[in-house]
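Notes for the one structure printed next.
Below, all heavy atoms of this structure are taken into account, side chains as well, without hydrogens, waters or symmetry copies. The first residue in the sequence is number 1, and the count goes up from there.
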Amino acid sequence: MVSDERGHHRGSDGAPGAPGRPALISRATAPTSAASRALARTPDPGTAGLALLLAEAFLEASAWQREELVRVGAELLGARRRWLGPLLRGVLGGYPRRPGGAPRELARWIEAQPVFVEAVSTARAAGRPIVPVRYLVGERDGPRTPEDPEASEAECRDLAWLARELGLPPGELEWFADTRHWNRRAGLLLQHYRYVWRSRPGRVPRLLEVPGIRLRTVQRRVLDRHLLPIPLHPAAHGFVPGRSARSGATLHTGSAVVITLDLVSFFARVTPGRVFGVFRQAGYPEATAHVLTGLCTHSVPEAVLRAMPDGGTAEERFGLTQALRAPHLPQGAPSSPALANLAVRRLDARLTGWAEAAGGVYTRYADDLAFSGPAELARRADAFVRGADRIVTAEGHAVNPRKTRVRGSSVRQSVTGIVVNARPNVARTEYEVLKAILHNCTLHGPESQSRGQGDFRSHLAGRIAWVSSLNALRGKKLRDAFERISW
């Protein structure tokens, strides 16, 4: 028995079954190829293999009803086994509706049923392992259509549908998805990403993984068509349409205490399993979710990791190397921020509950976590931080202890660079520095202050607009100074 690329079991000759539903082939009548002869020597598919065969047979049944599923199971096993009925009670109890597109998920459920475990163990102990007399060798003629009464939306979202959605031929879809991560071993000209190390004085360097033009276009389509429609947790304010650093900071104004935490290697610690879970929860079948995960994750080649510049402690550098070597969300892909927000929804929910239990508020802007609350929270701030750290660690991330801040109302409180003591405002030092730059531009010309900044005029206009959004009076003073510059 061999498996095709979708995980469907086929006969040794790979021949498709009859149109409309999978065909079954008897081991006795199977072609005498090398594969069938190997199967004859080791006919026991094992517990996991038997569960997957049953799951695929059940999913292709004409109706999701007990009697029909018993019939299909008996046809696969060659007899109506006594344990099939109790097994299907457990299956239908867990899945009242057909879990279309999820044979492996259903197989894991079957494998966990006590009656199935007992039946397999008893048969194996007696020297008579449960062996299917027939094997699935094909699939229905084309995917189910929405008009099919037994079809689900997930079953219509197969790989052919995904290729059409992303504007790629199937071969190119597989090449860009690179689900086995062969591309990290390819030559420079064939690699999907280019890499830029950014040094940070006294800190571990940051790696930008920039996808090529075609892959970036595909990832943007995934973002626009498949990620943006998925609702986010209300605590997320970074890279979210309609929310911003200001919207998150505003929720913390006028608090007795503001606590800020920073996550280490935020994107690099989002694993493919988390990303796969996002797409599965959104209703995509397993094969489609697997390919979408491949399109949006990446593992960095060893040569790039060896070129890491100096910076950070040995422990921090080792942790970053390990995270980048494993498949992760690449920092530089257009799909990564949205996927990171979706992948940490449970973290956001747990931290929101932790803050609310202390009478506080929680928000997150990318890897910056912010909490605020009353005087009671200020009195037990250390215990609160330890609890938040435990939650973050349990969710697969890590807090940078050197960037943890606890600020009372008597000092300047800031969230994502915005002062929040009384109302959202720009820090006075930032305002004074920008005012001095504008003054020097008026006296000595903008070239004296640009310091190699491309399109310096737009750069200054953007900084002034940011100040204006937080403090209209200061913004007006800066705009007046900007108008006096001779460009």
Side-chain angles (χ1 to χ4, degrees), residues 196-206 208 210 237-255 257-262 309-311 331-332 337 363-370 372 400 402-487:
V196 181
W197 282 106
R198 295 286 176 85
S199 297
R200 300 183 292 177
R203 300 168 62 189
V204 69
R206 174 177 294 166
L208 295 182
V210 184
H237 288 265
F239 315 108
V240 182
R243 306 180 202 173
S244 64
R246 188 181 191 279
S247 68
T250 300
L251 298 175
H252 301 282
T253 55
S255 300
V257 64
V258 171
I259 301 170
T260 55
L261 308 178
D262 183 79
D310 295 336
Q331 187 168 348
T363 62
R364 181 181 56 80
Y365 189 91
D367 56 355
D368 293 322
L369 314 183
S372 63
N400 185 349
R402 294 187 299 176
K403 300 183 73 173
T404 298
R405 302 286 184 271
V406 179
R407 301 182 179 95
S409 57
S410 60
V411 299
R412 188 180 73 185
Q413 299 170 326
S414 64
V415 175
T416 58
I418 300 173
V419 178
V420 295
N421 287 71
R423 60 184 178 83
N425 202 351
V426 64
R428 172 170 286 278
T429 53
E430 182 180 348
Y431 168 71
E432 295 294 344
V433 167
L434 185 53
K435 186 170 70 171
I437 291 174
L438 294 172
H439 177 72
N440 290 334
C441 286
T442 303
L443 292 181
H444 308 293
E447 296 80 7
S448 65
Q449 303 296 308
S450 63
R451 299 179 182 178
Q453 175 71 45
D455 197 0
F456 186 54
R457 182 171 184 172
S458 297
H459 170 73
L460 284 180
R463 292 180 64 179
I464 293 170
W466 168 246
V467 174
S468 299
S469 69
L470 297 173
N471 190 314
L473 180 60
R474 286 182 174 179
K476 183 179 184 306
K477 291 179 180 179
L478 294 177
R479 282 197 303 272
D480 291 342
F482 181 78
E483 294 298 329
R484 291 193 293 268
I485 299 174
S486 297
W487 297 96

Assess, by modelled atom type and distance only, whether the side chains of Arg246 and Ser469 contain a donor and an acceptor separated by less than 3.5 Å.
no
Please walk me through it: do Leu251 and His237 pass side-chain contact (heavy atoms from CB on, under 4.5 Å)?
CA-CA 11 Å; Leu251 298 175; His237 288 265; 3.9 Å; yes
Phe482 vs Arg457 side-chain heavy atoms within contact, under 4.5 Å:
yes
Any Arg198 side-chain heavy atom under 4.5 Å of Gln331 side chain:
no
Non-hydrogen side-chain atoms of Leu460 and Gln453 separated by less than 4.5 Å
no
Side chain to side chain, Ile418 and Trp466, heavy atoms closer than 4.5 Å
yes
Please report the interatomic distance SG(Cys441) to CD(Glu447), rounded to the nearest 0.5 Å.
8.5 Å
Might you point out which heavy atoms bring Asp455 and Ser458 nearest each other, and give the distance in Å?
OD2-OG, 2.8 Å
Hey, what do you get for CZ (Phe456) to CH2 (Trp487), rounding to the nearest 0.5 Å?
6.0 Å
Side chains of Asp368 and Asp262: closer than 4.5 Å at any heavy-atom pair?
yes
Ignoring hydrogens, what is the shortest heavy-atom contact between Val415 and Ala370? Give both atom names and the distance.
CG1-CB, 3.7 Å
Test side-chain contact (heavy atoms from CB on, under 4.5 Å) on Thr260 and Arg407 and set out the steps.
CA-CA 9 Å; Thr260 55; Arg407 301 182 179 95; 3.7 Å; yes
Distance-only, no hydrogens or angles: does the Asn425 side chain make a donor-acceptor pair with backbone N or O of Leu470 under 3.5 Å?
no
Residues Arg423, Asn471; criterion side-chain contact (heavy atoms from CB on, under 4.5 Å); working and verdict
CA-CA 10 Å; Arg423 60 184 178 83; Asn471 190 314; 3.4 Å; yes
Between Thr442 and Ala481 the two heavy atoms that sit nearest each other are OG1-O, 4.0 Å
Side chains of Pro424 and Thr253: closer than 4.5 Å at any heavy-atom pair?
yes
Would you indicate whether Arg412, at its atom CZ, is surrounded by more than 12 heavy atoms from other residues, nucleotides or ligands within a distance under 6.0 Å?
no
Is a side-chain N or O of Arg405 found less than 3.5 angstrom from the main chain of Arg402, in a donor-acceptor match?
yes
Could you grab the distance from atom CZ of Arg474 to atom CG of Leu434, nearest 0.5 Å is fine?
11.0 Å
Straight-line distance of Leu478 CG to Glu483 CD, nearest 0.5 Å
12.0 Å
Give, for atom CG of Asn421 and atom CD of Gln413, the distance between the pair rounded to the nearest 0.5 Å.
4.5 Å
Has His439 got more than 12 heavy atoms of other residues, nucleotides or ligands less than 6.0 Å from its NE2?
no
Could you go through Arg484 and Asp480, starting from their C-alpha distance and side-chain angles, then the distance that decides it, and tell me whether this counts as salt bridge (Lys or Arg N to Asp or Glu O under 4.0 Å)?
CA-CA 7 Å; Arg484 291 193 293 268; Asp480 291 342; 5.7 Å; no
Just by distance, do the side chain of Ser244 and the backbone of Ser247 share a donor-acceptor pair under 3.5 Å?
yes
Measuring from atom CD of Gln449 to atom CG of Leu443, what distance do you get when rounded to the nearest 0.5 angstrom?
9.5 Å
With a 4.5 Å heavy-atom cut-off, do Pro446 and Ile485 have their side chains touching?
yes
Give a yes or no on whether the backbone of Val467 and the side-chain of Arg463 come within a donor-acceptor separation of less than 3.5 Å.
no
Verdict with supporting geometry, Leu438 and Ile464, side-chain contact (heavy atoms from CB on, under 4.5 Å)
CA-CA 10 Å; Leu438 294 172; Ile464 293 170; 4.1 Å; yes
Heavy-atom pair of closest approach, residues Val420 and Ala249:
CG1-O, 3.4 Å
Quick one: closest heavy-atom pair of Pro205 and Pro309, and the distance?
CG-O, 3.5 Å
If you look at every heavy atom in Lys477 and Tyr431, which pair is closest and at what distance?
CD-OH, 3.6 Å
